[in-house]
Amino acid sequence: MINKLQDTIGYHFHQPSLLEQAMMHSSYTNEHGKTRLMCNERLEFLGDAVLELASSEFIYQNYENYPEGEMTKLRASIVCEPTLAACAESLGIRECLLLGKGEEATGGRFRDSITSDALEALIGAIYLDGGFANAKEFVWKFIMNDIENKKLFYDSKTILQEMVQERDLGELEYQLLKSEGPDHCKVFTSQAVIGGVPYGVGSGRNKKLAEQGAAYQAILKLK
């Protein structure tokens, strides 16, 4: 799995131990008699800073007409936990995670907080192994892509509310359709209803993400 991840991201580590550490959750180190310093938390700390700088540079260079406030808002939509978790999933990071048995049993492999942290740790590992240029290349290629859709998804509930008010379409509400799966790994499905008419359905690991997805689909339909 680790080799497949390197092939996917197009970067092969000079120090493979850094990549292994990036995938190592604290629950794994605890169960295997390793110190907490050997898990991915320190790499995540470093990767978070690298991600902020690399994403800021990308936005500064590619959105020349954006004032500081808009740049900050755009960056927040790209580096938020759900977006990073989605990026991590697309790269196959979920399958590479090293988790303790307890964390595994409670659905940690499917938890956005764990997968997004591992992605930031991976960025930190690339930075230590290959320098800022390689880390920035990774961020620009795999995180700063499809920005308009990521921004739209992040702001979907606000954007939909504005569209509904501008067009006087009636009351906007979100209805929970169902929740499936065990308590530690539920998937929620919600729909956006405008003026009593269903417009979009979305699913997610919590109600907020499900509603964001429903709002996103409703926006696409209204457009």
Side-chain angles (χ1 to χ4, degrees), residues 48 51-52 54-91 93-94 107 109-117 119-120 139-223:
D48 177 68
L51 172 60
E52 181 168 341
S55 59
S56 297
E57 182 181 341
F58 182 93
I59 292 169
Y60 183 85
Q61 291 188 12
N62 291 277
Y63 292 81
E64 296 179 355
N65 296 324
Y66 272 35
E68 184 267 345
E70 286 298 310
M71 289 195 295
T72 299
K73 185 178 179 181
L74 177 57
R75 184 180 63 197
S77 70
I78 302 302
V79 302
C80 66
E81 184 178 287
T83 301
L84 293 181
C87 291
E89 183 173 352
S90 69
L91 293 172
I93 285 177
R94 178 188 293 172
R109 194 170 296 276
F110 299 92
R111 197 166 293 135
D112 283 358
S113 58
I114 290 179
T115 52
S116 63
D117 286 351
L119 177 61
E120 290 184 325
V139 171
W140 284 27
K141 183 176 181 180
F142 294 108
I143 298 177
M144 306 306 292
N145 61 343
D146 199 22
I147 284 184
E148 293 311 311
N149 274 327
K150 288 176 179 176
K151 181 183 178 184
L152 179 60
F153 182 80
Y154 179 78
D155 291 332
S156 59
K157 292 182 71 175
T158 300
I159 293 171
L160 180 59
Q161 183 68 53
E162 292 173 349
M163 292 175 71
V164 169
Q165 291 176 346
E166 288 173 0
R167 303 185 189 187
D168 195 22
L169 297 175
E171 182 183 357
L172 168 62
E173 61 178 335
Y174 295 93
Q175 298 175 350
L176 179 64
L177 297 179
K178 60 182 177 180
S179 60
E180 300 175 299
D183 289 341
H184 65 266
C185 193
K186 279 191 178 298
V187 175
F188 297 86
T189 301
S190 298
Q191 67 177 359
V193 179
I194 304 171
V197 179
Y199 269 78
V201 176
S203 298
R205 295 294 175 184
N206 56 54
K207 293 179 182 178
K208 180 179 179 181
L209 285 176
E211 290 177 358
Q212 280 182 226
Y216 178 75
Q217 294 301 321
I219 291 170
L220 296 181
K221 187 172 182 179
L222 288 172
K223 281 190 172 183

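Numbering of residues begins at 1 and proceeds along the displayed sequence. Remember, predicted model here, so these are calculated numbers, not experimental data.
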So, for [X] and [Y], which heavy atoms are closest and what is the spacing to 0.1 Å?
X: Ala192; Y: Ala218; value: CB-CB, 4.2 Å
X: Tyr216; Y: Ser156; value: N-CB, 3.7 Å
X: Val187; Y: Ser203; value: CG1-CB, 4.2 Å
X: Phe188; Y: Asn206; value: CD1-CA, 3.5 Å
X: Ala210; Y: Ser190; value: CB-OG, 3.7 Å

Supply the atom-to-atom distance [X] [atom1] to [Y] [atom2], rounded to the nearest 0.5 angstrom.
X: Tyr66; Y: Met71; atom1: OH; atom2: CE; value: 11.0 Å
X: Leu160; Y: Asp155; atom1: CG; atom2: CG; value: 12.0 Å
X: Ile159; Y: Lys223; atom1: CD1; atom2: NZ; value: 7.0 Å
X: Ile147; Y: Leu74; atom1: CD1; atom2: CG; value: 5.5 Å
X: Asn149; Y: Ser77; atom1: CG; atom2: OG; value: 11.5 Å
X: Thr115; Y: Leu91; atom1: OG1; atom2: CG; value: 11.0 Å

Just so I know, are the side chains of [X] and [Y] near enough to count as touching, which here means a heavy-atom distance under 4.5 Å?
X: Leu84; Y: Leu51; answer: yes
X: Ser55; Y: Ile143; answer: no
X: Val197; Y: Leu169; answer: no
X: Asn62; Y: Met144; answer: no

Tell me, with the steps shown, if Glu57 and Trp140 meet side chain to side chain contact (heavy atoms under 4.5 Å, CB included).
-> CA-CA 10 Å; Glu57 182 181 341; Trp140 284 27; 4.0 Å; yes
With Glu166 via side chain to side chain donor-acceptor pair (under 3.5 Å) - residues at least two apart =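 Side chain to side chain donor-acceptor pair (under 3.5 Å) list for Glu166, sorted by chain: empty.
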Taking side chain to side chain donor-acceptor pair (under 3.5 Å) as the test, write out the residues that go with Glu148, two or more places apart.
->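 Side chain to side chain donor-acceptor pair (under 3.5 Å) list for Glu148, sorted by chain: Tyr63.
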Please check if the side chain of [X] supplies one atom and the backbone of [Y] the other of a donor-acceptor pair under 3.5 Å.
X: Thr83; Y: Val79; value: no
X: Arg94; Y: Glu89; value: no
X: Lys150; Y: Asn145; value: yes

Would you sort out whether Thr72 and Glu68 count as a side-chain hydrogen bond (donor to acceptor under 3.5 Å, both in side chains), showing the intermediate values?
-> CA-CA 6 Å; Thr72 299; Glu68 184 267 345; 3.2 Å; yes
Is the CD atom of Gln61 crowded by more than 12 outside heavy atoms at less than 6.0 Å?
->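 Yes - once you tally the heavy atoms of other residues, nucleotides and ligands closer than 6.0 Å, there are more than 12.
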Short side-chain donor-acceptor distance under 3.5 Å, Glu120 and Ser116 =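 Absent: no donor and acceptor within the cut-off.
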